[in-house]
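Following: one structure in structure tokens, then a few remarks.
Just so we're on the same page: letters track the sequence lines, and every chain starts at 1.
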Amino acid sequence: MPTSVHPGSSLEEAARLRRFWHDNYEQLLRQYPEQFVAVTRSGEVAAADGDLVQLVEQLRESGMDPQADVAIEFITAQGDSLLL
Amino acid sequence: MITGFFEPSRGPHPYVLGAVRVPLLTREQWVAIPFLIDTGAAQSCIHPLDSVRALGVSPARLTDTSGWPRVVPGGGVGGSASYFECPAQFGFVRTDGEIEVVTDVVWIGQLTTSNQALPSLLGWNVLQHFRMQLDAKAQIVTLERS
């Protein structure tokens with residue numbers, strides 16, 4: 001995910017990522033329902049797991065940094081049942 | 001004015017994209033986080049998914065209560081958990097390109113099996129500085145400094 005010394009530029013990259021997840025959500029939901037999915041900057045799925053800790057382990061074993069090398073999202077069909 | 005959005009895959013629920021600087025974790029860096037606007041939350045919270053992917057905090061550190069300046073209990077209708085309170089700045093880009101900054105604290109959620117996928121919340125400690133318009137039918141989410 002993006003980091004910056006200025007808030008604006010980190011938000012621009014985040015907006016781009018949001019469009020990516022929006023455009024690919026349905027396909028990812030079919031393939032990886034109820035899983036955390038990590039994608040590379042080229043849009044390829046690097047790892048997926050139902051548990052965030054296990055996903056991070058998978059990424060690290062592959063030599064990837066969960067913050068710098070991939071974007072991560074939880075892909076769910078249950079997004080409308082959120083109670084906080 | 002700051003514009004947000006209704007996230008179709010989540011509800012739809014009202015979100016705003018914010019940038020956060022948590023000196024303890026990000027030093028001078030700002031990181032982008034999509035916040036669910038939660039008028040029922042007293043404090044703004046960053047939950048584990050965003051702590052890992054945006055702040056770069058390891059799951060091990062998110063589990064361990066030592067090494068944090070202040071541990072506070074948090075509770076909501078979805079259950080209770082511990083949070084780590086940290087000084088923070090919240091930044092939002094206005095439609096005219098200027099930045100609105102709010103300096104306060106943020107609660108970092110302790111990692112549990114049940115909160116891994118929760119969205120981060122923009123709570124009343126930040127929302128109190130803004131007038132809000134939330135209109136799902138018209139797809140309008142705006143915040144304006146009050």
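- Taking both residues in full, the closest heavy atoms of B:A19 and A:L11 are given as N-CD2, 3.8 Å, listed atom of the first, atom of the second, then distance.
- Within the 4.5 angstrom heavy-atom criterion, no atom of A:E26 approaches chain B.
- Rounded to the nearest 0.5 angstrom, B:N115 CG and A:L52 CG are separated by 9.5 Å.
- Here the side chains of A:R60 and B:S58 are in contact, with some heavy-atom distance below 4.5 Å.
- Using a 4.5 Å cut-off between heavy atoms, B:T113 makes no contact with chain A at all.
- In the hydrophobic cluster analysis, where Ile, Leu, Val, Met, Phe, Trp and Tyr join through side-chain heavy atoms closer than 4.5 angstrom, B:V105 is grouped apart from B:F35.
- Only the side chain of B:L111 comes within contact range of chain A, with heavy atoms under 4.5 Å apart.
- A:A15 approaches B:L17 most closely through the heavy-atom pair N-CD2, 3.8 Å.
- Going from atom CZ of A:F36 over to atom CG of B:L49 covers 5.5 Å, rounded to the nearest 0.5 Å.
- Of the residues considered (B:Q116, B:R21, B:R27), B:Q116 shows the highest number of contacts with chain A, using heavy-atom pairs under 4.5 Å.
- The residue among A:L55, A:D51, A:D65 with the most heavy atom pairs within less than 4.5 Å of chain B is A:D51.
- Placement of B:L36 and B:W107 in two distinct hydrophobic clusters is found when ILVMFWY residues are connected by side-chain heavy-atom separations under 4.5 Å, directly or transitively.
- Residue A:L17 holds its CG atom at 9.0 Å from CZ of B:R53, rounded to the nearest 0.5 Å.
- For B:Q128, the CD atom sits in a packed shell: over 12 heavy atoms of surrounding residues, nucleotides or ligands are nearer than 6.0 Å.
- The hydrophobic cluster containing B:V71 also contains B:V57, counting ILVMFWY residues as joined when their side-chain heavy atoms lie under 4.5 angstrom apart, directly or transitively.
- A continuous path of Ile, Leu, Val, Met, Phe, Trp and Tyr side chains, each step under 4.5 Å between heavy atoms, connects B:V101 with B:V93, placing both in one hydrophobic cluster.
- Heavy-atom minimum distance, A:Q67 versus B:V52: CB-O, 4.1 Å.
- Shortest non-hydrogen contact noted between B:F6 and A:R18 is O-NH2, 4.3 Å.
- Both A:F20 and A:L29 are assigned to one and the same hydrophobic cluster, defined by single-linkage of ILVMFWY side chains at heavy-atom distances under 4.5 Å.
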